[in-house]
Amino acid sequence: MVAYKSKMVERIRLPSRAQRERNLERAGYNAFNLDSEEVFVDLLTDSGTGAMSDSQWAALIRGDEAYAGSRSFEELESAVRDVMGFSHVVPTHQGRGAENVLYGTLLSAGDVVINNTHFDTTRAHIANQDADPVDCPVDGAHDPEMDAPFKGNFSLEGARAVVDDVGAENVPMIISTITNNSTAGQPVSVENTRRVREFADEIDATFVIDACRFAENAYFVTEREDEFADATVAEVAREQLGYADALVMSGKKDGLVNAGGFVATDDETLFERCKQRTILYEGFPTYGGMAGRDVAAMAVGLREAVEEAYVADRVDQIQALAEMLEEVGVPVYTPPGGHAVYLDAGAMFPHLSPNEFPGQVLVCELYREGGVRGVELGSFAFPETDRPELVRLAVPRRTYHKEHFEHVVETAATVLEKRETVSGLEITSEPEVPELRHFTAELEPISS
Ligand SMILES: *Cc1c(COP(=O)(O)O)cnc(C)c1O
C-alpha cells in the first residue's frame, strides 16, 4: 500500500524517438554515457538516488557543522544504537569509505576473506589489501528460475571447504552481505546468519555484516522465515545485525540519503583503530567525510528505513514491477529481490551469443523504445565469467509511482515484440582495466 504523497516534484521529459536514437549513438550504446536529462525513467541504480522525507530535510537544515563533537553525530550514534544495536559508529563519505576503514584495519597481505558474494567495491577493497576475496553463495543463487526464499544465503559448506583448503589461520574475517546485492538482491535468513556467527567463532574470525540493505532484508525475513512471522522489521533488523562483530553501511541504500556511510561496532579496540584510519582517509571521526547536515539526515533515514509502511511499500513496488513484466511475457529473475528487478536478456534474445552482448542490447532497446535506463550485469560487465545475461532495473527509494512502472512494462513489452529483429553489439573502444569496462566502453551495432 502506498505510504507517501508528493511534497516537491521534479519535471521529467521523454525525448522524441529521433532524439533517443541520436543520444544512443552519441553515448556509444552505453547508458552510463547518457545525461540524466535524456532519461525518462532512470533505473540505473538505487544508490543515493532516492527521495528524502520532509523530516530528513528538516534535519538537514538543523545539521551541526562543528568539526568536532557535532550534535548531528550524537543523533547518528543514537539512531545506530536504537535501530542496529551498536554503540560505536565511525561515519564515512559512503559505503566504500567504510570498507576502506574497516578492511584496511582488519586485513593484511595474504589473508583470505569469505563472503556470500562480494559486491564490486568490497572485492576491490579486499584485493587492495593484497588479500583474497572468495565467494560462497548457495547452490542456485545464479539460477534465474529457481524458486527459494533465501537465495542470498552464505554457503557454510562452501566456506568450510575454503577453510580446509587455506587453513583457518589465514581467514581472519568473514562477511555476510544482506541483501546479497551481486546475487540479484536476494535475502539472507536470520538462521543462516546465526550459523555464520557460529562458524566465525569456530575459526576465530571477525564476522562483518555488509548491512547496506538491512531493512529490505529484514522485511523479507518477516515474510518468509517462520520464526519471525510475528516480528516487526525493526526487531528482525536488530536480531540479525546483532550477530556481527562489525557492520559496514552505505547510507545511500537503507540510510535513505544521497551520500554517506559508516562502520559500526561494539568492540572498543576495533573502534579505536578504525577512528585512526578514518582521520587519515575520511575526516575527524565525528563527521568522517560527511557534512554535518548529511549525518543528521542519515540519522533520521535509518529510523525511517525500519518503519513497516516504508519498507513494505518499497519491496512491494519491486514485486509489483516484476509481476507486471512477467504478465506480458518478459523473462525475469525469480523471485525478485529487494531493490531491483533483473531481466533475463539471454532468454529474451536467444539468437544472440554472449559475445554479442544480449544484456547490453536490451539496455539500449529499453532506452530506444521508452527512454528507460537500466544496467547490464552479464557478459559486458563481467567478461570471462559464465553469469546469466541479466539487466538490472534498480528502483530508487520513494521516487517513482505506478504510472512510471506501467511505462517501463509497456516499453519492455515493445522490445519483446520486436525481439527477433534486434542485432548484437560489438565493442569499439574500451579502457585498460577490464573489470571496469562497462562504465566507459563504447559499442556499435554489428552490421549484418
Ligand atoms: C553500494 C554497496 C557498497 C558500497 O557503497 P557505496 O556507498 O556505493 O560506496 C558496498 N556493499 C554493497 C552490498 C553495496 O550495495
Side-chain angles (χ1 to χ4, degrees), residues 32 43-50 76 84 89-104 106 113-129 133 135-137 141 151-154 173-188 193 196 208-218 220 240-241 244 246-264 278 281-283 288-291 294-295 297-298 301-302 305 314 318 337-340 342 375 377 381 392-397 435-436 439:
F32 280 101
L43 306 182
L44 184 70
T45 176
D46 66 319
S47 178
T49 50
L76 178 64
M84 307 176 107
V89 50
V90 180
T92 57
H93 74 283
Q94 61 184 81
R96 65 201 68 184
E99 293 180 323
N100 178 32
V101 166
L102 186 66
Y103 303 153
L106 286 174
V113 176
I114 308 173
N115 196 326
N116 42 356
T117 315
H118 289 84
F119 178 67
D120 341 9
T121 60
T122 317
R123 185 183 306 282
H125 272 292
I126 287 166
N128 198 35
Q129 300 304 323
D135 289 344
C136 288
K151 286 167 84 173
N153 275 354
F154 182 106
M173 180 173 90
I174 52 185
I175 308 173
S176 184
T177 305
I178 68 170
T179 56
N180 192 337
N181 187 359
S182 302
T183 303
Q186 296 295 303
V188 174
T193 309
V196 176
V208 176
I209 291 184
D210 180 331
C212 294
R213 296 182 181 79
F214 75 100
E216 291 163 14
N217 198 86
F220 281 116
Q240 188 164 31
L241 300 177
L247 310 179
V248 286
M249 178 70 190
S250 166
K252 304 173 74 159
K253 322 295 175 39
D254 283 351
L256 304 183
V257 286
N258 304 114
F262 56 86
V263 174
T278 293
Y281 286 101
E282 299 285 325
M290 294 175 77
D294 290 332
V295 173
M298 187 164 70
L302 283 174
R314 158 96 183 129
I318 284 124
H339 67 289
Y342 292 72
V375 65
L377 295 172
R392 184 184 73 185
L393 302 180
V395 178
R397 293 169 180 78
E435 287 81 16
L436 302 176
F439 292 112

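What you are looking at is a predicted structure, and each value in this text was computed from that prediction instead of being measured. Numbering of ligands and ligand atoms starts at 1, following listing order.
- H339 and E216 share no donor-acceptor pair across their side chains, judged by distance under 3.5 Å alone.
- Within the 3.5 Å criterion, the main-chain N or O of A124 finds no donor-acceptor partner in the side chain of R96.
- Here is the list of ligand 1 atoms found below 4.0 Å of a heavy atom in T177: 13 (C).
- For K151 and F220, the positive end is not near the middle of the six-membered ring at less than 6.0 Å and at most 45° from its axis.
- For ligand 1, the atoms closer than 4.0 angstrom to any heavy atom of S250 are 5 (O), 6 (P), 7 (O).
- For G261, the heavy-atom gap to ligand 1 stays at 4.0 angstrom or more.
- Near K252, the atoms of ligand 1 lying under 4.0 angstrom from a non-hydrogen atom of the residue are 7 (O).
- With hydrogens left out, the protein atom closest to atom 11 (N) of ligand 1 is D210 OD2, 2.7 Å, a heavy atom.
- Listed for the T122 side chain is no donor-acceptor partner under 3.5 Å among the backbone atoms of H118.
- Proximity of a side-chain donor or acceptor of D46 to a complementary backbone N or O of P396 within less than 3.5 Å is not detected.
- Distances between N or O atoms of F119 and those of ligand 1 include no value under 3.5 Å.
- Side-chain atoms of Q240 come within 3.5 Å of backbone atoms of V188 as a donor-acceptor pair (strictly under, hydrogens ignored).
- Close contacts of ligand 1 with R213, meaning ligand atoms under 4.0 Å from a residue heavy atom, involve 15 (O).
- The protein heavy atom nearest to atom 1 (C) of ligand 1 is K253 NZ, 1.4 Å.
- In terms of protein heavy-atom proximity, atom 8 (O) of ligand 1 is closest to R96 NH2, 3.0 Å.
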Please assess L44 against F32 for the test side chain to side chain contact (heavy atoms under 4.5 Å, CB included), listing each intermediate value before the final yes or no. CA-CA 8 Å; L44 184 70; F32 280 101; 4.1 Å; yes
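- Distance from atom 4 (C) of ligand 1 to its nearest protein heavy atom, with residue and atom name: T121 OG1, 3.5 Å.
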